[in-house]
Amino acid sequence: MSRVTVVEGDLLAQDVAVIVNSWNRNVIPWWLLLPQGVSGAIKRRGGLAPFREVARHGPMPPGSAVLTGAGALPYQGIIHVAGINLAWRSSERSIRDSVRNAMAIVNHKNFPSVAFPVVGAGSGGMDEGRAFAFLKDELDQIETAAEVRIVRFRRGNA
């Protein structure tokens, strides 16, 4: 099983190989969106390159995952997951599928560590506690050699 730790803080301050960005389905051009939360922080601190790169992958099914470069951020990559549907809402299935598909990339690329935000909370509209429970439960079921970190954001951490 995976080794999962939970911390409070800023996802972009984690000392890990890759981070996960809870993205959308990639059906609206990225430049028309005003990224919020994790995506907004990535855009401000890492630049536009990761978003241009994820856009080239085209529409993403709910729960899918795409690996891009990290722009100006100090990571080996960013795994963007389609954690919300076209109505900008997350579900148990979109969260669980996002986790499984992100971890498939982590395992395939042999990344030693990954940090997840609470996928489905925030812009996804799900209660943070429920989204966290689905995320943690799914991670606990996945075999991996990677260190897995869930970063719970709290106001004042960014």
With a 4.5 Å cut-off on side-chain heavy atoms, are [Y] and [X] touching?
{"X": "Phe111", "Y": "Leu67", "value": "yes"}
{"X": "Trp23", "Y": "Val66", "value": "no"}
{"X": "Lys43", "Y": "Leu48", "value": "yes"}

Do you know which two heavy atoms are closest between [X] and [Y], and how far apart they sit?
{"X": "Ala72", "Y": "Arg45", "answer": "CB-O, 3.9 Å"}
{"X": "Pro50", "Y": "Gly71", "answer": "CG-N, 3.7 Å"}
{"X": "Phe116", "Y": "Met103", "answer": "CE1-SD, 3.7 Å"}
{"X": "Ser94", "Y": "Gly83", "answer": "OG-O, 2.9 Å"}
{"X": "Leu135", "Y": "Val99", "answer": "CD1-CG2, 3.1 Å"}
{"X": "Gly120", "Y": "Ser90", "answer": "O-OG, 2.8 Å"}

Residue list, side chain to side chain donor-acceptor pair (under 3.5 Å) with Asp97, at least two apart or on another chain: Arg93, Arg100
Atom CG of Asp15 with >12 non-hydrogen neighbours under 6.0 angstrom: no
CD1 on Ile78 to CG on Leu11, rounded to 0.5 Å: 9.0 Å
OG1-CG distance between Thr5 and Leu139, expressed to the nearest 0.5 angstrom: 10.5 Å
side-chain hydrogen bond (donor to acceptor under 3.5 Å, both in side chains) partners of residues 106-122, not counting sequence neighbours, each pair once: Asn107-Thr144
Residue pairs fulfilling side-chain hydrogen bond (donor to acceptor under 3.5 Å, both in side chains) with at least one residue in residues 71-84, sequence neighbours excluded: Asn21-His80, Thr68-His80
Criterion side-chain contact (heavy atoms from CB on, under 4.5 Å) on Met60 and Val81, from CA distance to verdict: CA-CA 8 Å; Met60 296 171 62; Val81 295; 5.8 Å; no
side-chain contact (heavy atoms from CB on, under 4.5 Å) evaluation trace for Glu138 with Ile95: CA-CA 9 Å; Glu138 199 61 36; Ile95 294 167; over 6 Å; no
Flag, side chain of Asn101 to backbone of Ala65, donor-acceptor distance under 3.5 Å: no
Among Ile19, Val18, Val20, the one residue meeting side chain to side chain contact (heavy atoms under 4.5 Å, CB included) with Val16: Ile19
